[in-house]
Amino acid sequence: MENAEVAKSFAELADLMELTGGNPYKVRAYRQAAQVIDTLPGPVSELWRRGELTTIPSIGERIAERIGHLLEAGTLADRDELASRVPPAVLELLAVEGVGPKTVAAAWKALGVTDLDALEQACRTGRLSDLPRMGERRAQAILEAIQRYRARRSDRVPLHRAMFYAESICAKLRKVPGVRTVEAAGSVRRRKETVGDLDVLAAATDPAPPMRAFCELEEVAAVVAKGPTKATVRLRVGLQVDLRVLPPESFGAALHYFTGSKQHNIAIRTRAVHRGIKLSEYGVFDREGRRLSGEREEDVFASVGLPWIPPELREGAGEIEAAESGRLPHLVEERDVLGDLHVHSKASSDARATLEELVEEAARLGRSYVAITDHSRSRPLGLDEKGLAQQRDAIAALNRRAAGPRLLAGIEVDILTDGSLDLPAEALAGLDWVVASIHADFTRPRERMTDRIVRALRSGVVDVLGHPSGRLIGHRDAYELDLEAVLDVARETGVALEVNAMPERLDLTDRACRLAKEAGVRVAISTDAHVAAHLGNVRNGVWVARRGWLEPKDVINTRPLEELWALRQRH
DNA sequence: GCCGTTTTCGGCCCGACTGTTTTCAGTCG
């Protein structure tokens, strides 16, 4: 059992307890534990094996013990007990914006509403508005939220989860005797932000052993289909996975074919037709059907006169033209990222890491600098000028003492509703690093949101615009924004835009990264870490940046600190 | 259930906003 399942179990337990009137503080404890487990870059089972679970903030003795039980027995007793008393589709209602536990409980108990359709009906027929403290406008608002929820909902899995299963399944298949190569293809290889199903390819002369091993994987819930060289399974988490086993001489052709995208493949095959050759998942063939090549993916590209194109670019969005004219970007890699420019400590908000823990983890990851950017005063526990000064002193003291990564004294300052910043410019100007972000009032009209951000960028004290769209994948849509206008001002003022690497944010998106690059705006790939282990999340941001065609020169935190200082325009 | 420069009990973020009310409950960030 892996992080996503463990997190889901505790999140469900929290929801169930909330709906049935459980202790709200316990509810919060379970929910926080679920959140931190879900965003850990490494497997929670490993920490459990080493007895280190309680070193994770928000996980104490009791929850650690229950995680252990969950990993061994696969079940949480009280979650199962509560789940038997609550209809399963009732929990889903909590995902509708503006609908919380009280509303769900009231609709369920008073009206017998047990799923989304029933809630919609109750809104339309006026039964909901007859409940205490409900009304016509509230029913209307819920109706609209249901439409938005339906539009947003999908069976696709966030990339970080899909990557976990892809890596774990590939590693297991590589150990099967006779298997030469195993790769995940499809949208996970292209690093799309959500993945519908996994395509795994294996090269072997005898397909039987990998096929058998695949269908018997411990994460498999059901085998949907199984032939001699192709099988489909459904994992316990609901993700569908296909395996194809190919002869080694076809592996490269198959890898290309099943990586896609569809548009990319059509364009490549069209080129092949013009050159009088035939491409399929089995190889490159001439007119008479004689095999020319196909063992390596490079063979496919070479056959149509192109260099190898990184999978992240294969969207049929100009990559073939770029390859043809030798203008393919040298995409940024995780090892290029030298520092982290958005990190929280326990000095503010719900973050838990001490400065010492952050330095230690950053050193382990080989980072050379980390900007401590806690929240400003309008956030809960946010820093005021006095708190900020104290933190600067603490950071300076630690920098004098420790030889490891350099800590930068920074802030994540709130952009208020009118576009002013939540701390005076003098206080911000003295800092090493200023991230400015929106955390409230998301629903203003497009012009207001754009003006608000533009004003913040023009303040002269901001280095980076944090999570510029505000979206939370699967939970909250991006706010209305004229990104092009923001990019124009960002270029003019020298402010960078963030690629927030928290798996539920990935914000900027891949598309926005590409627009930023075209507009001449640099980005910062930052983790927004709330616990020390989150510093390892950089890779999520690198995936997005690569899909956005970004090269090391486009990403400011690929620079050593001296160059970073030289680059910034506000000093 | 977690946590601790209030450390084994007793707190736990809190203000803004909305829609319903005529003083406030629910939700959100």
Side-chain angles (χ1 to χ4, degrees), chain A residues 9-11 13-19 21-37 53-67 69-70 76 78-79 93-107 110 123 128-145 148-149 344 346-354 374-384 387 390 394 412 414-418 422 437-444 466-467 469-472 475-479 502 504-505 528 530-531:
Chain A
S9 296
F10 282 100
L13 176 57
D15 285 348
L16 288 163
M17 285 178 63
E18 197 165 38
L19 282 182
N23 175 346
Y25 295 112
K26 277 198 192 183
V27 169
R28 196 182 62 175
Y30 287 133
R31 198 161 277 156
Q32 277 179 347
Q35 162 69 22
V36 70
I37 292 165
L53 272 179
T54 52
T55 64
I56 303 174
S58 305
I59 296 181
E61 292 296 332
R62 184 89 184 98
I63 290 187
E65 192 182 302
R66 305 195 62 191
I67 291 173
H69 185 257
L70 186 57
L76 272 183
D78 48 355
R79 185 222 18 207
L93 304 180
L94 290 169
V96 177
E97 276 175 282
V99 176
K102 296 289 195 290
T103 307
V104 172
C123 291
L128 191 81
S129 28
D130 288 343
L131 291 178
R133 298 198 70 89
M134 296 284 174
E136 205 39 56
R137 292 166 68 165
R138 185 133 157 71
Q140 188 56 38
I142 292 176
L143 262 185
E144 287 164 17
R148 285 198 303 277
Y149 170 71
H344 292 275
K346 66 196 297 180
S348 82
S349 72
D350 53 345
R352 305 297 318 175
T354 63
D374 279 309
H375 288 293
S376 57
R377 56 190 175 186
S378 71
R379 292 284 90 208
L381 295 178
L383 298 175
D384 56 14
Q390 285 169 354
E412 181 183 16
D414 259 52
I415 301 174
L416 302 175
T417 307
D418 65 355
D422 188 32
S437 309
I438 288 180
H439 290 110
D441 288 318
F442 298 106
T443 53
R444 310 279 160 177
H467 40 75
S469 88
R471 70 150 177 189
L472 293 173
H475 295 284
R476 191 174 68 211
D477 294 335
Y479 37 71
M502 276 301 255
E504 71 267 36
R505 285 197 183 270
D528 200 356
H530 280 62
V531 305

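Here is the naming used below: chain letters follow the sequence lines, and residue numbers restart at 1 for every chain. Computed over heavy atoms, backbone and side chain alike; hydrogens, waters and symmetry mates excluded. Note that the structure is predicted; figures quoted are calculated from it, not measured.
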**Item:** Nearest-Å distance once atom P is located in both B:dC17 and B:dT22
**Value:** 23 Å
**Asked** Is a side-chain donor or acceptor of A:Asp414 paired with a backbone partner of A:Asp422 at a separation under 3.5 angstrom?
**Response** no
**Asked** So, do A:Glu144 and A:Arg148 sit near enough that their side-chain heavy atoms are less than 4.5 Å apart?
**Response** yes
**Message:** Do A:Tyr30 and A:Met17 have side chains that approach each other closer than 4.5 Å (heavy atoms only, starting at C-beta)?
**Reply:** yes
**Asked** Is A:Pro57 touching bases, backbone alone, or none of the nucleic acid, heavy atoms closer than 4.0 Å?
**Response** sugar-phosphate
**Item:** 5' precedence on DNA chain B between A:Ala440 and A:Arg28 (nearest-nucleotide basis)
**Value:** A:Arg28
**Message:** Taking B:dG10 as the reference, what is the distance to B:dG15 when you measure between their C1' atoms (whole Å, please)?
**Reply:** 24 Å
**Message:** Measure CG/A:Asp384 against P/B:dC14 and give the value in whole Å, please.
**Reply:** 15 Å
**Message:** Is the shortest side-chain heavy-atom distance between A:Val104 and A:Glu18 below 4.5 Å?
**Reply:** no
**Request:** Would you mind reading off the distance between A:Gln32 atom CD and B:dG1 atom P, rounded to a whole angstrom?
**Result:** 14 Å
**Item:** Separation between OG of A:Ser437 and CG of A:Asp528, rounded to the nearest 0.5 Å
**Value:** 7.5 Å
**Message:** Please report the distance separating the C1' of B:dA16 from the corresponding atom of B:dG11, rounded so that it comes out in whole Å.
**Reply:** 24 Å
**Asked** For B:dG4, which nucleotide in any strand shown is its Watson-Crick or wobble partner with both distances under 3.5 Å?
**Response** B:dC9
**Message:** For the P atoms, the ones on B:dC14 and on B:dC9, what distance do you get once it is rounded to whole angstrom?
**Reply:** 25 Å
**Prompt:** For A:Lys26 and B:dG11, is the shortest distance between a side-chain N/O and OP1 or OP2 below 4.0 Å?
**Reply:** no
**Message:** Between the base of B:dC2 and the ring of A:Tyr25 - centre-to-centre under 5.5 Å, planes within under 30° - is that a stack?
**Reply:** no
**Message:** For A:Phe442, does the six-membered ring have the charged nitrogen or CZ of A:Arg476 within the cation-pi criterion, i.e. under 6.0 angstrom from the centroid and within 45° of the normal?
**Reply:** yes
**Prompt:** Base, sugar-phosphate, or nothing for A:Val27, non-hydrogen atoms under 4.0 angstrom?
**Reply:** nothing
**Item:** Separation of B:dC2 C1' from A:Gln35 CD (nearest whole Å)
**Value:** 16 Å
**Request:** Answer yes or no: is there a side-chain heavy-atom contact under 4.5 Å between A:Ile59 and A:Ile37?
**Result:** yes
**Message:** Just to be sure I understand the rule, does A:Arg476 reach a base, reach only the sugar-phosphate, or reach nothing, if contact means heavy atoms closer than 4.0 Å?
**Reply:** sugar-phosphate
**Prompt:** Say you pick atom P in B:dT23 and the same atom in B:dC28; how far apart are they, in whole Å?
**Reply:** 26 Å
**Complete:** Taken to the nearest whole Å, CG/A:Leu13 to P/B:dC2 is 12 Å
**Request:** Give the rounded distance in Å between these two atoms: CD of A:Glu18 and C1' of B:dT27.
**Result:** 11 Å
**Request:** Provide the distance between the two P atoms, one in B:dC13 and one in B:dT21, to the nearest whole Å.
**Result:** 30 Å
**Request:** Would you mind reporting whether A:Ile56 and A:Val531 have side-chain heavy atoms less than 4.5 Å apart?
**Result:** no
**Request:** Report the distance from atom CD of A:Glu97 to atom P of B:dT27, rounded to the nearest whole Å.
**Result:** 13 Å
**Base versus backbone protein contacts along nucleotides 16-26 of chain B [heavy-atom cut-off under 4.0 Å; B, S, -]** = ---BB---BSS
**Interatomic distance, A:Arg66 CZ vs B:dG1 C1' [rounded to whole Å]** = 10 Å
**Item:** Spacing between A:Ile59 atom CD1 and B:dC3 atom C1', to the nearest angstrom
**Value:** 14 Å
**Request:** Please state the P separation for the pair B:dG1 and B:dT6 - nearest whole angstrom.
**Result:** 26 Å
